[in-house]
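Report on the structure given below.
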Protein chains: 2
Amino acid sequence: MGIQKTLKAIGDPTRREILDLLKSGEKTAGEIGQNFEATGATISHHLSVLKNAGLILDEKKGKYIYYELNMTVFEEILSWVTAFTGGNKDE
Amino acid sequence: MGIQKTLKAIGDPTRREILDLLKSGEKTAGEIGQNFEATGATISHHLSVLKNAGLILDEKKGKYIYYELNMTVFEEILSWVTAFTGGNKDE
DNA sequence: ATAACATTTAGACAATTATCTAAATATTTC
DNA sequence: GAAATATTTAGATAATTGTCTAAATGTTAT
């Protein structure tokens, strides 16, 4: 997937807030959107960027789409950072 | 300084390459620039963004300006990531 | 002092991005 | 099947960003 998209994705404050919300468990697009003043379309766009960056996963359940964090990709970010701080992770 | 500037700064590939170059020790703006096709002005701009984000420090030595990594801020990024991965940042 | 060198700053431009409104798609309920 | 609900997609626009050239600043050497 590449670290570029991922690091770019977390550079936006709205998207980081979405990630923070998902810390407490999966949520629908609507539930996420309720925490912001932006329109649903805008939140949908951010969700799309996060998904495309691998940071979140989506699962369709009937009328709703549930989003949740994808820990795997957070580990990749961790690897990138620890390559600087010295604490050695894979690669 | 705030994590926003920092995460935004590492979202650009040229800037990440600059950070990678500095892993092996401090370098002048000119030395850094030699690794890219971009003009000196462009590299200078990226150095300015990185410095403003706290990721690098600069020290003027006569005719040259030396840049080096600022580990402190990398630790901040690490904290942000580990808040997701559940890893304990206090140990 | 003047020239040469190292780097930044200023101003301009094109590409990218965040946001909006309106329309489209998909699912459930009546 | 039509209406209601949840979410995305399309198209437009304004703000941000990466890059360039040209000019400015600061330093060293002649």
Side-chain angles (χ1 to χ4, degrees), chain A residues 1-22 25-70 77, chain B residues 1-22 24-70 73 77:
Chain A
M1 184 89 42
I3 198 89
Q4 170 59 27
K5 277 185 189 172
T6 306
L7 294 182
K8 201 110 184 242
I10 63 174
D12 180 84
T14 299
R15 287 195 288 265
R16 282 201 308 283
E17 207 170 330
I18 291 175
L19 294 175
D20 280 336
L21 285 168
L22 293 177
E26 64 174 20
K27 289 185 175 49
T28 69
E31 286 171 338
I32 293 167
Q34 284 170 359
N35 297 273
F36 301 91
E37 305 220 319
T39 65
T42 294
I43 299 305
S44 180
H45 165 251
H46 284 306
L47 288 170
S48 158
V49 172
L50 287 170
K51 186 182 160 187
N52 204 245
L55 284 159
I56 59 175
L57 304 169
D58 62 343
E59 186 188 359
K60 194 161 190 174
K61 284 184 187 168
K63 192 156 70 164
Y64 304 92
I65 300 178
Y66 283 83
Y67 286 95
E68 65 180 341
L69 296 179
N70 180 17
I77 306 176
Chain B
M1 187 86 47
I3 198 86
Q4 170 59 26
K5 278 186 189 174
T6 306
L7 294 182
K8 201 114 185 236
I10 63 174
D12 179 84
T14 300
R15 287 195 287 265
R16 284 201 308 284
E17 207 171 329
I18 291 174
L19 293 175
D20 280 336
L21 284 169
L22 293 177
S24 58
E26 63 174 19
K27 290 186 175 47
T28 69
E31 284 171 339
I32 292 167
Q34 285 171 358
N35 297 273
F36 301 91
E37 305 220 320
T39 65
T42 294
I43 299 305
S44 179
H45 166 252
H46 284 306
L47 288 171
S48 157
V49 172
L50 288 171
K51 185 182 159 187
N52 204 245
L55 285 158
I56 58 175
L57 303 169
D58 63 342
E59 185 188 358
K60 194 161 190 174
K61 283 184 188 170
K63 193 155 73 164
Y64 303 92
I65 300 177
Y66 283 84
Y67 286 96
E68 65 181 340
L69 296 179
N70 179 18
V73 173
I77 307 176

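Given the structure is predicted, the values throughout are model-derived calculations rather than measurements. Numbers restart at 1 for each chain; the letters A, B, ... are given by sequence-line order, proteins then strands. Hydrogens, waters and symmetry mates are skipped; everything else that's a heavy atom, side chains included, is used.
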>> Once side chain to side chain donor-acceptor pair (under 3.5 Å) is applied, what residue pairs with a partner in residues 32-42 of chain B remain, sequence neighbours excluded?
In response: B/T39-B/T42
Among residues at least two apart in sequence or on other chains, which ones pass side chain to side chain donor-acceptor pair (under 3.5 Å) with [X]?
X     : result
A/K8  : none
A/H45 : none
A/N70 : A/T72

> In degrees, rounded to 10°, what is the bend between the two ends of the helix from C/dA1-D/dT30 to C/dC30-D/dG1, using five pairs at each?
Replying inline: 20°
Between protein and nucleotides 24-28 of chain D, what N or O pairs are separated by less than 3.5 Å?
| residue | atom | partner | partner atom | Å |
| --- | --- | --- | --- | --- |
| D/dG26 | O3' | B/K60 | NZ | 3.2 |
| D/dT27 | O3' | B/K63 | N | 3.4 |

Less than 4.0 angstrom between a side-chain N/O of [X] and OP1 or OP2 of [N], yes or no?
X     : N      : value
B/H46 : D/dT19 : yes
B/Y67 : C/dT8  : yes
B/T42 : D/dT19 : no

> Taking protein heavy atoms under 4.0 Å as touching, what does nucleotides 10-15 of chain C look like 5' to 3' if B marks base contact, S marks sugar-phosphate-only contact and - marks none?
Replying inline: ------
> Hey, is the main chain of A/G11 close enough, under 3.5 Å, to the side chain of B/Q4 for a donor-acceptor pair?
Replying inline: yes
> Who are the side chain to side chain contact (heavy atoms under 4.5 Å, CB included) partners of B/L47, not counting sequence neighbours?
Replying inline: B/I18, B/A29, B/I32, B/I43, B/I56, B/Y67
> With A/S44, which residues qualify under side chain to side chain contact (heavy atoms under 4.5 Å, CB included), at least two apart?
Replying inline: none
>> Going by salt bridge (Lys or Arg N to Asp or Glu O under 4.0 Å), name the residues that satisfy it together with A/E26, two or more places apart in sequence or in a different chain.
In response: A/K61
Give me, pair by pair, the N or O atoms of the protein and of nucleotides 11-17 of chain D that are less than 3.5 Å apart, along with how far apart they are.
| residue | atom | partner | partner atom | Å |
| --- | --- | --- | --- | --- |
| D/dT17 | OP1 | B/K8 | NZ | 2.7 |

> Atom CD1 of B/I32 and atom P of C/dA6: how far apart are they, to the nearest Å?
Replying inline: 14 Å
